[in-house]
Amino acid sequence: MEKAGGIGMVTSNLAFKEKNSIEPEVVVNESPVKWCAVALSDVVARGKRLEASVFDVEAKQARMLISKGKYPQSFIGGTDGMTSSYVCGRFKRIWVEKSDMPIYQPSSIVDIKPTPGGYISAKTKTNIGNLRVKENQILMTCSGTIGKVSFVSRTLASKIFSHDLLRIDCRKPDEAGYIYAFLKSKIGNKILLTNSYGAVITHIEPEHLATVPIPDAPTMLKKKIHDLIVRSYELRDESNDLIDQATALLIGELKLPDIDTFDVGLYKKAAPVDTFSVRLSEMSGRLDASYHVPIVDAIIEHLKRYAEEVTTVGDPRISREVILPGRFKRVYVDEGYGRVFIGGKQLYELDPTNKKYLSNVHHGDRISRQLELHENMTLITCSGTIGKVALVGKHWENWTANQHIIRILPASEDIAGYLNIFLASDYGKALITRFTYGSVVDEIDDNHIRQIAIPLLKNHTVQKKINDLALEANEKRYQAYLLEQEALQIMDRDVIYAKK
């Protein structure tokens with residue numbers, strides 16, 4: 001079997017064994033063509049399908065690796081498995097503008113500091129307690145983009161998630177980090193996403209985990225991996241605490257009210273829709289109402305009242321450069337042969353899932369001039385979903401990102417953290433998104449980013465404290481990344497690929 005573009009194709013190298021054979025024969029040779037022998041009984045069981053994608057070679061190799069590994073094979077789920085798992089029942093949400101019950105989408109489980117997808121009313125007819133995730137649980141996306149895995153630490157504990165999320169409870173709590181690391185490993189994830197025939201699964205159910213094998217390593221080895229994962233997530237929690245402290249300092253120093261309580265100047269406050277007037281001299285060539293929303297003027301006037309100075313991102317004291325890469329046709333390569341390449345959907349992740357690799361040979365010049373990421377850069381999504389803000393950590397150094405992300409190169413380390421805290425706040429987001437244009441796909445560009453208002457505080461000590469807290473949070477996230485990578489390396493070296 002040969003793979004092209006991630007989709008299997010039938011070739012003459014697809015062979016069949018006798019019907020009574022027990023195991024598929026996975027053959028690895030020097031040929032660039034991947035192939036294996038498939039039992040005729042498997043072909044019949046799969047509806048007499050001959051497409052190579054139905055018999056994934058790598059999935060079969062992964063299962064065989066576990067079954068013939070150094071340690072005895074157990075299973076993730078099932079009656080005698082290491083975990084029990086469940087999904088919650090579907091329910092009709094009653095959405096409200098704001099409540100004490102924020103609800104999170106399954107895709108946000110991999111975000112370092114997830115934000116709610118909305119708020120539901122207490123009148124929603126479902127068991128809210130069942131929707132809350134519990135500390136030390138493993139969470140997994142089981143529909144849409146399946147197989148994303150997260151570990152529940154203090155940041156996620158007791159948060160309400162939608163029904164479409166697999167919640168995994170470990171029978172032995174001190175094995176949770178070990179099972180998480182296996183499911184996140186390349187081999188574990190490959191097995192998770194395919195059934196015993198190697199066909200890709202489109203939806204994961206609790207019973208599917210009963211067919212996912214896992215090495216039953218010695219207790220001390222399991223605990224070592226578990227402790228590394230737990231500490232990694234503790235550092236993420238601590239980084240979130242520091243971000244909250246820095247944001248609270250900023251709000252306190254600028255005496256910023258809740259963004260929903262700003263007194264904005266509406267033309268007719270009793271009108272069924274918000275109406276406001278704009279002077280011709282203030283049009284700036286923009287006729288779209290979203291550009292002139294009163295909340296933006298209210299925020300800027302407030303900042304001028306309480307800040308020492310209100311400047312812009314383009315001020316050389318704030319940034320050295322604002323980069324918007326040009327569009328280009330990408331040439332991807334296998335891992336190890338190019339630069340890590342990420343997109344806007346992955347900005348909030350510590351170790352982005354579904355990373356791609358950009359060819360150095362084809363894109364070397366563009367990478368060095370436009371695409372390359374460096375520590376303490378602030379990234380802002382500028383196409384599609386506007387205004388996601390992230391601070392580049394040390395482990396993203398020399399990675400690359402696509403042209404839908406604007407890079408702000410800070411003037412110095414002394415302003416990098418402060419700039420990020422303000423832009424990532426609710427007030428910063430309002431100032432970013434006001435520049436949005438486009439009828440189908442929303443866009444902003446680097447010229448808009450340069451015009452975003454940035455307040456400089458009267459109290460320089462507080463501004464430095466905010467900056468230092470943000471950089472300290474970024475360092476903790478880097479250390480969290482290193483610990484998780486260490487756990488994954490131990491899982492590969494001492495468990496999955498360990499020889500008898």
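These numbers come from a predicted model, not from an experiment. When a residue number appears, it is its place in the shown sequence, counting from 1.
A search for side-chain hydrogen bond (donor to acceptor under 3.5 Å, both in side chains) contacts involving Glu234 returns Arg231, not counting sequence neighbours. With sequence neighbours left out, the ring pair (Phe, Tyr, Trp, His ring centres under 6.0 Å) criterion links Phe161 to Tyr104. Every residue two or more places apart in sequence or in another chain that forms a ring pair (Phe, Tyr, Trp, His ring centres under 6.0 Å) with Phe435 is listed here: Tyr291, His448. Take Thr381 and apply the side-chain hydrogen bond (donor to acceptor under 3.5 Å, both in side chains) test, not counting sequence neighbours, and it matches no residue. Not counting sequence neighbours, the partners of Thr353 by the side-chain hydrogen bond (donor to acceptor under 3.5 Å, both in side chains) test are Glu349. Applying the side-chain hydrogen bond (donor to acceptor under 3.5 Å, both in side chains) criterion to Asn398, with sequence neighbours excluded, gives no partner residue.
Contact check on Asp414 versus Lys464 returns no salt bridge, with no Lys/Arg side-chain nitrogen under 4.0 Å from an Asp/Glu carboxylate oxygen. At a threshold of 4.0 Å, the pair Arg236-Glu484 counts as salt-bridged, since one of the basic side-chain nitrogens sits closer than that to a carboxylate oxygen.
A pairwise comparison of heavy atoms in Asn467 and Gly417 identifies OD1-N, 2.8 Å as the closest pair. Contact record, Glu443 with Ser383: OE2-OG, 3.0 Å, taken as the closest heavy-atom pair. Between Pro116 and Pro102, the closest heavy-atom pair is CB-CB, 3.6 Å. Among all heavy-atom pairs drawn from Ala473 and Leu242, the shortest one is N-CD1, 3.7 Å.
Screening Val313, Thr312, Ile299 for a side chain to side chain contact (heavy atoms under 4.5 Å, CB included) involving Leu431 leaves a single residue, Ile299.
Under the 4.5 Å side-chain criterion, counting only non-hydrogen atoms from C-beta, Lys355 is in contact with Tyr357. In this structure the side chain of Leu456 reaches within 4.5 angstrom of the side chain of Ile318, judged on heavy atoms. Inter-residue side-chain proximity for Ile454 and Leu423 is flagged as met; some heavy-atom pair is nearer than 4.5 Å. Using a 4.5 Å heavy-atom threshold, the side chains of Ile138 and Ser150 count as separate. Residues Ile432 and Val389 meet the side-chain proximity criterion, which asks for heavy atoms closer than 4.5 Å. Residues His203 and Ile146 have side chains not in contact (no heavy-atom distance under 4.5 Å, counting atoms from C-beta outward). Val87 places none of its side-chain heavy atoms less than 4.5 Å from the side chain of Arg167. Counting only heavy atoms from C-beta outward, the side chains of Leu457 and Ile466 approach each other to under 4.5 Å.
A tilted orientation is assigned to the rings of Phe341 and Tyr332, their planes being inclined by 30° to 60°.
Note that CD1 of Ile408 and CE of Met377 are 10.0 Å apart. Values are rounded to the nearest 0.5 Å. A distance of 7.0 Å separates CD1 of Ile323 from CZ of Arg407, quoted to the nearest 0.5 Å. The distance from atom CD1 of Ile406 to atom CG of Leu379, rounded to the nearest 0.5 Å, is 10.5 Å. Of the inter-residue distances, the one linking Phe151 atom CZ with Ile229 atom CD1 reads 8.0 Å to the nearest 0.5 angstrom. Between the CG atom of Leu373 and the CG atom of Leu409 there is a distance of 11.0 Å, given to the nearest 0.5 Å. With rounding to the nearest 0.5 angstrom, the OH atom of Tyr306 is 11.0 Å from the CG atom of Leu303.
Side-chain atoms of Thr141 come within 3.5 Å of backbone N or O of Gly147 as a donor-acceptor pair. No donor-acceptor pair under 3.5 Å is formed between the side chain of Asn376 and the backbone N or O of Glu413. A donor-acceptor pair under 3.5 Å is formed between the side chain of Thr433 and the backbone N or O of Lys429. Using a distance-only test at 3.5 Å, with no hydrogens or angles considered, no donor-acceptor pair links the side chain of His302 to the main chain of Pro257. When atom types are taken as modelled, the side chain of Glu253 and the backbone of Leu250 share no donor-acceptor pair closer than 3.5 angstrom. With hydrogens and angles disregarded, a donor-acceptor distance shorter than 3.5 Å links the side chain of Ser425 to the backbone of Gly428.
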Chi angles and distances behind the side-chain contact (heavy atoms from CB on, under 4.5 Å) call for Lys465, Leu249: CA-CA 8 Å; Lys465 178 66 173 175; Leu249 280 174; 3.5 Å; yes
Stepwise side-chain contact (heavy atoms from CB on, under 4.5 Å) test for Ile168 and Ile179: CA-CA 10 Å; Ile168 303 173; Ile179 295 170; 5.5 Å; no
Steps toward side chain to side chain donor-acceptor pair (under 3.5 Å) verdict (Thr436, Asp442): CA-CA 6 Å; Thr436 303; Asp442 289 340; 5.5 Å; no
Stepwise side-chain contact (heavy atoms from CB on, under 4.5 Å) check, Tyr497 with Ile187: CA-CA 10 Å; Tyr497 292 99; Ile187 291 295; 3.5 Å; yes
Chi angles and distances behind the side-chain contact (heavy atoms from CB on, under 4.5 Å) call for Ile243, Ile421: CA-CA 7 Å; Ile243 296 296; Ile421 290 295; 3.9 Å; yes
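Side-chain atoms of Arg477 and Asn240 include a donor-acceptor pair closer than 3.5 Å. Checking Gln403 against Arg366 by side-chain atom types alone, no donor-acceptor pair falls below 3.5 Å. Judged by distance alone, the side chains of Asp237 and Ser153 do bring a donor and an acceptor atom under 3.5 Å apart. A donor-acceptor contact closer than 3.5 angstrom is absent between the side chains of Gln489 and Arg493. For the residue pair Thr400 / Arg339, no side-chain donor-acceptor distance below 3.5 Å is found, with atom types taken as modelled.
The list of salt bridge (Lys or Arg N to Asp or Glu O under 4.0 Å) pairs with a residue in residues 139-164, not counting sequence neighbours, reads Arg154-Asp241. Among residue pairs with one or both ends in residues 394-420, those qualifying as ring-ring contact (aromatic ring centres under 6.0 Å, His included) are His395-Tyr481, Trp396-Trp399; sequence neighbours excluded. Identified under the salt bridge (Lys or Arg N to Asp or Glu O under 4.0 Å) test for residues 291-313, with sequence neighbours left out: Glu309-Arg317. Pairs engaging residues 444-454 under the salt bridge (Lys or Arg N to Asp or Glu O under 4.0 Å) rule: Asp446-Arg450 [sequence neighbours left out]. A salt bridge (Lys or Arg N to Asp or Glu O under 4.0 Å) check over residues 373-400, counting only residues at least two apart or in different chains, returns the pairs Lys394-Glu475.
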Would you give me the side-chain donor-acceptor pairs under 3.5 Å for residues 105-114, sequence neighbours excluded?
residue: Ser108; atom: OG; partner: Gln105; partner atom: O; Å: 2.7
residue: Lys113; atom: NZ; partner: Asp244; partner atom: OD1; Å: 3.0

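Around the NZ atom of Lys186, the shell of radius 6.0 Å holds no more than 12 heavy atoms that belong to other residues, nucleotides or ligands.
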